[in-house]
Amino acid sequence: MPFSQKILRWYHENKRTLPWRKTKNPYNIWLSEIILQQTRVVQGTPYYLKLVENFPTVHDLAKAPEEKVLKLWQGLGYYSRARNLHAAAKMIVNEYDGRFPRTYNELLKLKGVGDYTASAIASICFNEPEPVVDGNVYRVLARYYGVDIPINSTEGIKYFKKLARKVMNKENVRDYNQGIMEFGAIQCAPKKPYCLLCPLNDSCTALQRNKVGDLPVKMNKAKVRNRYFNYLVPVFEKDGIKKTILHQRKGKGIWQNMWEFPLMESEKEINLEEIKNKHSTVLNSDTNGKVSLFNTHAIVHKLSHQHLHTKFWIVEVDHDLPNGIPLSKLEELPVPVLIADFIKAFKNLYF
DNA sequence: AACACGGGGAC
DNA sequence: GTCCCAGTGTT
């Protein structure tokens, strides 16, 4: 039996019931695919449900303010996905009259839709014979066919796409593509796959050569950078309402368009004296305030390639500051998890 | 070709 | 701690 037939059979017997498997509507499939980029199904599922509920159609998404999209995306990470999703929705509504692109080549023009996602939507919604190559497919193909070319090298990317195209099932690429990914996620898992019970174990190259643990091969990634964040959290009162200040992050780098407190970044951890000397500059005002450190030890917030050593400094200001945000409105803004966690802890003490 | 971009869960 | 997740965009 050909490889693709084995995958199809396995899929029909083992596929999970997932919310986006109830439809072939390209809007829903697109939404699910963007959410699931570099994201596990269990983590992405509640976000899919939440987004579909708030934005049932591409029109609802297009007319929403970006802030609302980011707020719903809060906690999922890779926030450019949310911004691109929103931009693509606007493009579909304004330039395509609300009609979703229906081919791989047209889908590829949407912001945030690359080779994988265009292939996924084209095959799942329209059965276009385009192979998907995600992390699962790299692993399954590398093991089954015994390929040791690094999956993240230029050569590997080309090789695996070509191999994927060669072995796919063109007639039912819709189920085949979902099947090979599901097979990689459930059966041919990264760690300790249970090959003894695998229906493909009689023809798996890696298993026969005892190489399952060595495949796929991946080139090392860059190491993490340490950064030292000092958030200045001004607290002041205006007309009996407690307020603070947050800014929207702009420019390059992490958390674009998400909100955070005024930030002072330093080369290393700094102490109370250094904060006192500088904080009026960052807050753009002579605060005259009492400064205290909220968290005794720096919080280390870990991103894929940055470790953010973070201290929150509470600055009690005795007068009004411009652009104050009432503490009661704090949880309406889209903020990174680091800030959301702080707000939660801060709330228990100050609200 | 190399790097930036989040957060969480499994081990 | 390490690895990796239904990858994409930028330089």
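First the proteins, then the strands, lettered A, B, ... as listed; each starts at 1. All values below were derived from every heavy atom in this structure, side-chain atoms included, with hydrogens, water molecules and symmetry-related copies excluded.
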Write down the distance separating the [atom1] atoms in [N] and [M], rounded off to the nearest Å.
N      : M       : atom1 : value
dG6(B) : dT11(C) : P     : 15 Å
dA6(C) : dC11(B) : P     : 14 Å
dC5(B) : dC4(C)  : C1'   : 15 Å
dC3(C) : dG7(B)  : C1'   : 14 Å
dG8(B) : dT2(C)  : C1'   : 14 Å

Whole Å only: how far is the [atom1] atom of [X] from the [atom2] atom of [N]?
X       : N      : atom1 : atom2 : result
H305(A) : dG1(C) : NE2   : P     : 18 Å
Q43(A)  : dG6(B) : CD    : P     : 13 Å
L303(A) : dC4(C) : CG    : C1'   : 16 Å
R21(A)  : dA6(C) : CZ    : C1'   : 9 Å
Q306(A) : dG7(B) : CD    : C1'   : 13 Å
D214(A) : dC3(C) : CG    : P     : 14 Å
L36(A)  : dG9(B) : CG    : P     : 15 Å
I254(A) : dA4(B) : CD1   : C1'   : 11 Å

Heavy atoms only, 4.0 Å cut-off, all strands: where does [X] land among base, sugar-phosphate and nothing?
X       : result
D115(A) : sugar-phosphate
W20(A)  : base
R139(A) : sugar-phosphate
G253(A) : sugar-phosphate
L76(A)  : base
T39(A)  : base
G44(A)  : nothing
V132(A) : nothing

Side chain of [X] - closest among [options]:
X       : options                 : result
P336(A) : dG7(B), dG9(C), dG7(C)  : dG7(B)
Y79(A)  : dG8(B), dT8(C), dG6(B)  : dG6(B)
K218(A) : dG9(C), dG8(B), dC4(C)  : dC4(C)
K192(A) : dG8(B), dA6(C), dC11(B) : dC11(B)

**Request:** Decide, yes or no, whether a salt bridge links R165(A) with E130(A) under the criterion of side-chain N to carboxylate O below 4.0 Å.
**Result:**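 A salt bridge is present here (some side-chain N lies under 4.0 Å from a carboxylate O).
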**Request:** Would you kindly confirm whether L18(A) and Y176(A) end up in one hydrophobic cluster when ILVMFWY residues are joined by side chain heavy atoms under 4.5 Å apart?
**Result:**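 No; Y176(A) is not reachable from L18(A) via cluster members.
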**Message:** Quick check: is L163(A) connected to V132(A) through a chain of hydrophobic side chains (ILVMFWY, heavy atoms under 4.5 Å apart)?
**Reply:**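 Cluster IDs for V132(A) and L163(A) match.
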**Message:** Around atom CG of N220(A), are there more than 12 heavy atoms from other residues, nucleotides or ligands closer than 6.0 Å?
**Reply:**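 It does not: N220(A) CG has 12 such atoms or fewer within range.
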**Message:** For K192(A), is the NZ atom crowded, meaning more than 12 foreign heavy atoms sit under 6.0 Å from it?
**Reply:**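 Open.
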With respect to the phosphate group of [N], does any side-chain polar atom (N or O) of [X] fall under 4.0 Å of OP1 or OP2?
X       : N      : answer
T117(A) : dT8(C) : yes
K302(A) : dG1(C) : yes
W255(A) : dG7(B) : yes
Q38(A)  : dG7(C) : yes

**Asked** Is Y116(A) stacked on the base of dG7(C) when the test is centres under 5.5 angstrom and planes under 30 degrees?
**Response**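 No, the aromatic ring of Y116(A) does not stack with the base.
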**Asked** Do L36(A) and W20(A) have side-chain heavy atoms sitting under 4.5 Å apart?
**Response**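 Yes; the side chains approach each other to less than 4.5 Å.
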**Asked** Considering only heavy atoms and no angle criterion, is a donor-acceptor pair shorter than 3.5 Å present between the side chain of R81(A) and the base of dA6(C)?
**Response**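 Flag unset: no donor-acceptor pair detected.
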**Asked** Donor-acceptor pair under 3.5 Å: do we get one between S80(A)'s side chain and the base of dG9(C)?
**Response**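 Side chain to base: no pair present.
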**Asked** Parallel under 30°, tilted from 30 to 60°, perpendicular over 60°: which one fits the rings of Y231(A) and F312(A)?
**Response**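 The rings of Y231(A) and F312(A) lie parallel, inter-plane angle below 30°.
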**Message:** Quick check on DNA chain C: between V41(A) and L110(A), whose nearest nucleotide comes earlier from the 5' end?
**Reply:**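 Of the two residues, V41(A) wins.
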**Item:** Whichever of K252(A) and N136(A) has its nearest DNA chain C nucleotide further upstream toward 5'
**Value:**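 Counting from the 5' end, the first nearest nucleotide belongs to N136(A).
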**Prompt:** Is NZ or CZ of K50(A) both nearer than 6.0 Å to the six-membered ring centre of Y47(A) and within 45° of the ring axis?
**Reply:**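 Judged by the rule (NZ or CZ under 6.0 Å from the ring centre, within 45° of its axis), K50(A) counts as positioned above Y47(A).
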**Prompt:** Between S153(A) and D341(A), which is nearer to the 5' end of DNA chain B once each is assigned its nearest nucleotide?
**Reply:**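 Nearer the 5' end of the strand: S153(A).
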**Request:** Could you pick out which residue, M219(A) or R83(A), lies toward the 5' side of DNA chain B when each is mapped onto its nearest nucleotide?
**Result:**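 Looking at the nearest nucleotide for each, M219(A) comes out on the 5' side.
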